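Okay, so here's the structure we're looking at.
For clarity, every value in this text was computed on a predicted model and none was experimentally measured. Numbered from 1 within each chain, the chains take letters A, B, ... in sequence-line order.
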Amino acid sequence: MNRAIIIFIGSLLMLTGCSYQPKSTDGQITIEVAIFEGGYGLDWHRSIARQYEKLHPNISINLWGDPRVDEKLKPRVLRRNPPDIASSSLPFWKLVVANKLYPLNEELYTAAYGQNMSWRDTIQHGVLADNTYEGKVYAVPTNLSAWVCWYDKKQFDAHGWKVPADWGEFMKLCAQIKADGVAPLAFQGKYPIYAWAVLLSLYQRLVPLEQWYEMQDLKPGAFTSPEFIHAARLIQEMSTKYYENGALAMTHTESQLEWVNGRAAMCFCGLWLKNEMKNATPAGFEMRCFAVPPVEGGKGDPHAVYAGGAEQFFVFSEAQHPKEAADFLKFMLSKDSAHSYIQKLDTLSPVIDSVKGITISPELKSAVDVLDASTRIFSDRLSGLYLEFAKNDLPDALSDLVSGKSTPEQFGTKLENAVERVRRNPEIYKPATMGVPK
Amino acid sequence: MKQRQRFFIFTMLSPALLLYGLFVLLPAVNAFRYSLLRWDGLGKPVFIGIQNFVKVFSSASDFGVALKHNIFLTVVPGVFTLSISLYFAYIIHQKVKGARLFRIAFFFPNVISSVAVTLLWILIYSTTDVGLLNHIRKIWFHLPAYAYTQSANLLWALVPMTVWTAVGFYMVLFLAAMENIPESLYEAARLDGAGPARLFQNITIPLMWDVLTTGIIFLVVAGLKAFDAIWIMENGRPTSFTHTLSTLMYSKVFEEYDIGRGTAIAVVLFFLVLGTTLIFRRLLQRERLEY
């Protein structure tokens, strides 16, 4: 029987394997960086890591990426053995509330790499607001994105279509495009959430920012307010009349393919669109964009833009080297790093003035023009804070709204009821009233 | 059994038992434990008793809607699959010309992975230029594209796909049962003047009843566990039009990080499958016929 026990234990050892992590004893520090490997790849991150290692010979960066990085990170967070720093779509707010993230305030007030100002002062105002919890900043984005309407300038010029100055002109333009035999709008119907940013932008056009942020602070009645219902009505009118036929069954890539192939004239999307479609965009396609048009008679700022940080990096509180990891993050957001980020990946960085003095593509220039013309940025945090609302209630309600299955009033009531469930649930963390971020 | 023999059997089985214990039994037992916790998988779990089950069955929960979708996906494709596969098995059993070819052709979708089958049907239903059905609508009938895979239409769009995939398997199952029935029974019935319908009703069906019962139970279990086709067709974002218990469970655990509630749904699903299987076995039980 003893032999059987030995075999049993042998099988167990074979299955479990042994976990061993070498630890440095010669003063050399290794920072582990885990990154979601998406459309932007890892090449830029690797080149920055090598530059950082040259600058800090006692530090080496172990950088790895995976499209399913979350799945790899979760068990390590649970085992209290996370990497030092990560960029992933793990639920940010749950990590913050569970005390799993390292506050970056101290580092934010140290001098930025290559500039005579604090790191915080080099970052576009507003992008850190969504990552702030009780006065502490827990994540910094390497990317800046904005929600805009994309079109092909060549197609617009060929048909004599003009960029609209307000929502009325936008709807007239849609009618004209339809009359010319082209679908006015591509829509990523399998992800109705793509309509959310447009809806929130229209709502912002209608109300002062103080009122807009009251919705973010879960003020009762915000979703049934006449202005929100009005914004929903504008969305429904646009979707039922001008979305491409069959768009509600299309994925983001399918609908965006329709757009780059000229079968749909415009497409609301973030700034990642160019990168996402770079392999499918035909030669001669002149990708340009304009901001969600202001609504006539609206009381909101007509020049604010729905924008915010993306590719958020956070340092784990249980990291081996949190201070060094935060310093590496600061280096990733130096002006020089931002320049190479913009030029290599053809996208924007939240570092202030990072596009100045460098050559950028006409597509990116178009997006920069939109941001330069803006008075301020605003963004939604409901979808990051309240997961059941964001993953369940909101997409369902939006799907019904854009397909015309529910009226704008019913849509508003559905969302108000969903938010009421959030308000009443003591288990859901709700941050203190934020108001308009400074 | 001698001790040496017992030792040998235990030795040979130990790796398999260990794997089964570690990767099937232990997680299953843990699921029962998790269902009593409030836990997001990141912070500390808190014991909350049966609160997750109370939430699952509350009016605000999607559980009822998801269960309705499971029932739809059990009954509608199930009825078609059973009728068509029985019909095909019967026809092939009659040795029609090309029976062998039909048997292979009908079984073929069953050997393709469910992911590949779903991707194939996504292309068939696509509203873009590659969509076969919409191409036919456009070219032959001059109709605009129809959004077959839009959430609100998706459950019905799954019916032909499910039937196409499942018919081959059930046909082979039923055909094997039919081929076990002695020909002499049919000959004797024919001598007594029985026609094809009578033969089917009074000889074929009663003598393959056990296999038919098994087939029905398979269909019920498949309907209750429906996940992959919906998950793929919805690009991982099922809505209240398409959620089934399995997709709801997955969303709760991996999208909303509500592990307690997700596993509570898994526990309910386990008892639902077990209970339904036992009920169907009881309802469909008949006296065993010897031949």
Mind running side-chain contact (heavy atoms from CB on, under 4.5 Å) on A:Glu254 and B:Ser126 for me, showing each step along the way? CA-CA 9 Å; A:Glu254 278 176 327; B:Ser126 175; 3.6 Å; yes
For side-chain contact (heavy atoms from CB on, under 4.5 Å), just list the numbers for A:Leu78 and B:Leu42, CA-CA rounded to whole Å, side-chain angles, deciding distance to a tenth of an Å, and then say yes or no. CA-CA 6 Å; A:Leu78 274 175; B:Leu42 299 165; 5.7 Å; no
Chi angles and distances behind the salt bridge (Lys or Arg N to Asp or Glu O under 4.0 Å) call for B:Arg261, A:Glu388: CA-CA 12 Å; B:Arg261 222 154 118 192; A:Glu388 187 169 2; 3.2 Å; yes
Hey, mind stepping through A:Lys74 and B:Phe254 against side-chain contact (heavy atoms from CB on, under 4.5 Å) and telling me if it holds? CA-CA 10 Å; A:Lys74 260 185 249 172; B:Phe254 294 104; 3.6 Å; yes
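Between B:Tyr257 atom OH and A:Leu90 atom CG the span is 5.0 Å, to the nearest 0.5 Å. Distance check: A:Gln188 CD to B:Asn235 CG gives 12.0 Å after rounding to the nearest 0.5 Å. Between the CZ atom of A:Phe389 and the CD atom of B:Glu256 there is a distance of 12.5 Å, given to the nearest 0.5 Å. Separating the CG atom in A:Asn245 from the OG1 atom in B:Thr127 is a distance of 8.5 Å, to the nearest 0.5 Å. With rounding to the nearest 0.5 Å, the separation of CZ in A:Arg421 from OG in B:Ser58 is 8.5 Å. Distance check: A:Asp396 CG to B:Thr239 OG1 gives 5.0 Å after rounding to the nearest 0.5 Å.
Residue-environment remark: CZ (A:Arg79) exceeds the threshold of 12 foreign heavy atoms within 6.0 Å. Other residues, nucleotides and ligands contribute only 12 or fewer heavy atoms inside 6.0 Å of the CD1 atom of B:Ile50. A 6.0 Å sphere centred on NZ of A:Lys405 holds more than 12 heavy atoms belonging to other residues, nucleotides or ligands. Shown here is B:Tyr20, whose OH atom has no more than 12 heavy atoms of other residues, nucleotides or ligands within 6.0 Å. Around the CZ atom of B:Phe8, the shell of radius 6.0 Å holds no more than 12 heavy atoms that belong to other residues, nucleotides or ligands. Residue B:Phe108 qualifies as open at atom CZ: its count of foreign heavy atoms under 6.0 Å is 12 or below.
Of the two parts of A:Asp400, only the side chain, counted from C-beta on, holds a non-hydrogen atom closer than 4.5 Å to a non-hydrogen atom of chain B. For chain A, the nearby part of B:Lys252 is the side chain; its heavy atoms alone come within less than 4.5 Å. Residue A:Tyr386: no heavy atom, backbone or side chain, is found under 4.5 Å from chain B. Within the 4.5 angstrom heavy-atom criterion, no atom of A:Ser255 approaches chain B. Neither the backbone nor the side chain of B:Asp258 comes within contact range of chain A; no heavy atoms are under 4.5 Å apart. For B:Phe241, the part lying near chain A is the side chain, with the backbone staying farther off; criterion is any non-hydrogen pair under 4.5 Å. Using a 4.5 Å cut-off between heavy atoms, B:Thr149 touches chain A through backbone and side chain atoms alike. Looking at A:Pro91, both its backbone and its side chain come within 4.5 Å of chain B, counting heavy atoms on both sides.
Contact annotation: the side chain of B:Arg237 never approaches that of A:Pro395 to less than 4.5 Å [non-hydrogen atoms, C-beta and beyond]. Side chains of A:Leu257 and B:Thr128 form no contact here, defined as non-hydrogen atoms less than 4.5 Å apart. The closest side-chain heavy-atom distance from B:Lys55 to A:Glu427 is below 4.5 Å. Contact annotation: the side chain of A:Asp393 never approaches that of B:Ser240 to less than 4.5 Å [non-hydrogen atoms, C-beta and beyond].
With B:Lys44 contributing its side chain and A:Ala98 its backbone, the two residues share no donor-acceptor pair below 3.5 Å.
With hydrogens and angles left out, the side-chain atoms of B:Glu255 and A:Asn392 include no donor and acceptor closer than 3.5 Å.
Options A:Ser89, A:Ala249, A:Ser399 differ in how many heavy-atom pairs under 4.5 Å they form with chain B, and the most are formed by A:Ala249.
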